[in-house]
Amino acid sequence: MTTTALSHWQNWSGYVSANPQKMLRPADQPALQELIREAPAPLRFVGSGHSFTPLVASSGSIIDLSAFAGLVDHNADEMTATIGAATRLSDLMKLLQGIGQGLPNMGDIDKQTIAGALGTATHGTGITLGAYHTQLQAMTFVDGRGEVREFIQGRDDDMIHATGVTLGAFGALTRITMKNVPGYRLRRQRRPIPVAEMLDNLEALMSAHRTTEFFVIPYSDHALYVSSDLSDQPPSARPEEEDEDGLDTLKALRNWLSWFPWLRRKLIGSALAKVPLEDYVQDWLNVYVTDRRTRFNEMEYHLPFEAGASALRELIKMAETQFPNVYFPLEVRAVAADDFWLSPFYQRPTCSIAVHHLAGENPQPYFHAAEAIFRRYDGRPHWGKMHNLNASDFARLYPRWQDAMEVRRSMDPAGRFLSPYLQQLLSA
Ligand SMILES: Cc1cc2nc3c(=O)[nH]c(=O)nc-3n(C[C@H](O)[C@H](O)[C@H](O)COP(=O)(O)OP(=O)(O)OC[C@H]3O[C@@H](n4cnc5c(N)ncnc54)[C@H](O)[C@@H]3O)c2cc1C
């Protein structure tokens, strides 16, 4: 076991930090069991620190499970793979490709661990496609008593549904089995679309492709409409990424023109009209993810699918009339309903809307204004992105909340995983 005393930890955006008594890296399961019994509480597990909420922060112990990574086993007939839970998505993609399997969908980046992704219900986009946790077939935890617990789909369905979105609150997740799909190829397209056209047809546009995503660009009256569909065409070159250049341009226009919104609108609008259409075919693992080099903070709420357009209208108006500093696009995605008790997609087809703010600038006034709109539409916040909800809100938003809390208490009776933030989140 590696122990680092009196260390400093911070998340990807630098917004959350902690000075735990110990940072621990157990080498194997017995060492993990021992430290769960003995290490100073609260015990919090860390993946790659890409959450914007203080889920990982602890004054006791932060536990890095990176020793539990890599392919353990796979079943080619059933398209399943058993992997160490701390495997990074970037590694997972390659190892699945190596055994002829693929992830049915992915989010924007591949830097997270799969356990971290399961920790917060990380998702991609596609109204028929579920978040990562919907692929779970089996999970192995070390619980708050230091005991190994294995749950298997078909035998322990309630436990899988209770613990599949983990919040790092049920135990240390060491191993999972995922149901995958055979490797596949996608045709990805991107084009600008007028915001009015997008809002008038949002549900139809979101349902028109296997994956769809909109980036609404403030002060432009336009969005970028990105979609992908299965393809059997030969691969073609994926264009160089321009996202970062685009952000720099939007930031410069904000800095120069925040007093002249009409000019900003005109310049962005005419620049967007010249954005080259993107249209290429590639294997699944070369399509979904991008490199997000600019650091930001983010709030994302998951709304009933049919509420998306109305909420977006309000959000765009709010951003453009009250926050001339905003230049990051609003990101709009769709996610299929599922049956996981702590999933924001629980029994609800979803339209997810995210707002971003440059790291180092104060995001709170903009995020508070956005949150007031999200809440009016019964939004459930992304567990890993900024929000101000607590246990009493979740008890109202999640029909199986009390059942999930009962399972949590049974797995962690002494509250070893409860940091002050987790208490606020989970204890009404
Ligand atoms: C640039 C960027 C892009 C993003 N894009 C998307 C996106 O497209 N879609 C989306 O939904 N989200 C997205 N996110 C959010 C991100 O996917 C989540 O916050 C995810 O949880 C981060 O994974 P991580 O490995 O960094 O986990 P961490 O942030 O380190 O931890 C997250 C949670 O998982 C728990 N945990 C981690 N490992 C274990 C373990 N082994 N056992 C038990 N609990 C564990 C932690 O205790 C914590 O509660 C993005 C974030 C960033 C910074």
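Both counts, for ligands and for their atoms, begin at 1 and track the order of listing.
- Of all protein heavy atoms, the one lying nearest to atom 15 (C) of ligand 1 is Lys385 CE, 3.8 Å.
- Close approach of ligand 1 to Gly107 (heavy-atom distance below 4.0 Å) involves ligand atoms 8 (O).
- Below 3.5 Å of separation, one finds an N or O of Thr120 facing an N or O of ligand 1.
- Contacts between Met139 and ligand 1, counted as non-hydrogen atom pairs separated by less than 4.0 Å, are absent for every part of the residue.
- Considering only residues two or more places apart in sequence or on other chains, Thr177 meets the side-chain hydrogen bond (donor to acceptor under 3.5 Å, both in side chains) condition with Thr82.
- Within the 4.0 Å heavy-atom criterion, the part of His382 lying near ligand 1 is the side chain and not the backbone.
- Atoms of ligand 1 lying under 4.0 Å from any heavy atom of Asp108, numbered from 1 in the order shown and given with element: 5 (N), 7 (C), 8 (O).
- Under 4.0 angstrom from ligand 1, the non-hydrogen atoms of Leu65 all belong to its side chain.
- Near Val56, meaning under 4.0 Å from any of its heavy atoms, are these atoms of ligand 1: 30 (O), 31 (O).
- Contact annotation: for Ala172 versus ligand 1, heavy atoms closer than 4.0 Å belong to the backbone alone.
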Evaluation steps, side chain to side chain donor-acceptor pair (under 3.5 Å), between Asn325 and Glu361 = CA-CA 10 Å; Asn325 267 346; Glu361 295 184 351; 5.6 Å; no

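- Electrostatic pairing of Asp156 and Arg149 does not count as a salt bridge here, judged by no charged N lying under 4.0 Å from a carboxylate O.
- Counting only non-hydrogen atoms, the option in Ala354, Ala115, Gly119, Gly171 that gets closest to atom 43 (C) of ligand 1 is Gly171.
- Salt-bridge annotation for Arg238 and Asp283: absent, with no side-chain N of the basic residue lying under 4.0 Å from a carboxylate O of the acidic one.
- Few gaps surround CZ on Arg416; more than 12 heavy atoms of other groups in view lie less than 6.0 Å from it.
- Nearest protein neighbour of atom 19 (O) of ligand 1, counting heavy atoms only, is Ser51 OG, 2.8 Å.
- Ion pairing of Arg400 with Asp403 is present here, as a side-chain N (NZ or NE/NH1/NH2) and a carboxylate O approach within less than 4.0 Å.
- For the atom pair CD (Glu320) and CG (Leu315), the distance works out to 11.0 Å, reported to the nearest 0.5 Å.
- Contacts of Trp12 with ligand 1, taken as heavy-atom pairs under 4.0 Å, involve the side chain alone.
- Salt bridge annotation for Arg187-Asp279: present, with a cationic side-chain nitrogen under 4.0 angstrom from a carboxylate oxygen.
- Taking every non-hydrogen atom of Arg44 and a distance limit under 4.0 Å, the qualifying atoms of ligand 1 come out as 47 (O), 49 (O).
- By the 3.5 Å distance cut-off applied to N or O atoms, Leu167 is counted among the residues near ligand 1.
- Looking from atom 24 (P) of ligand 1 to the surrounding protein, the closest heavy atom is Ser48 N, 3.4 Å.
- For the ring pair (Phe, Tyr, Trp, His ring centres under 6.0 Å) test, residues two or more places apart in sequence or in another chain that qualify with Trp12 are His50, Phe296.
- No part of Phe68 comes within 4.0 Å of ligand 1, judged by heavy-atom distances.
- When each of Glu78, His74, Gln101 is tested with Asn180 by the rule side chain to side chain donor-acceptor pair (under 3.5 Å), just one qualifies, namely Gln101.
- Under 4.0 Å from ligand 1, the heavy atoms of Phe296 that appear belong solely to its side chain.
- Looking at ligand 1, you'll find an N or O of Leu173 within less than 3.5 Å of one of its N or O atoms.
- Residue Gly116 has at least one nitrogen or oxygen atom sitting less than 3.5 Å from a nitrogen or oxygen atom of ligand 1, judged on distance alone.
- By the 3.5 Å distance cut-off applied to N or O atoms, Phe45 is counted among the residues near ligand 1.
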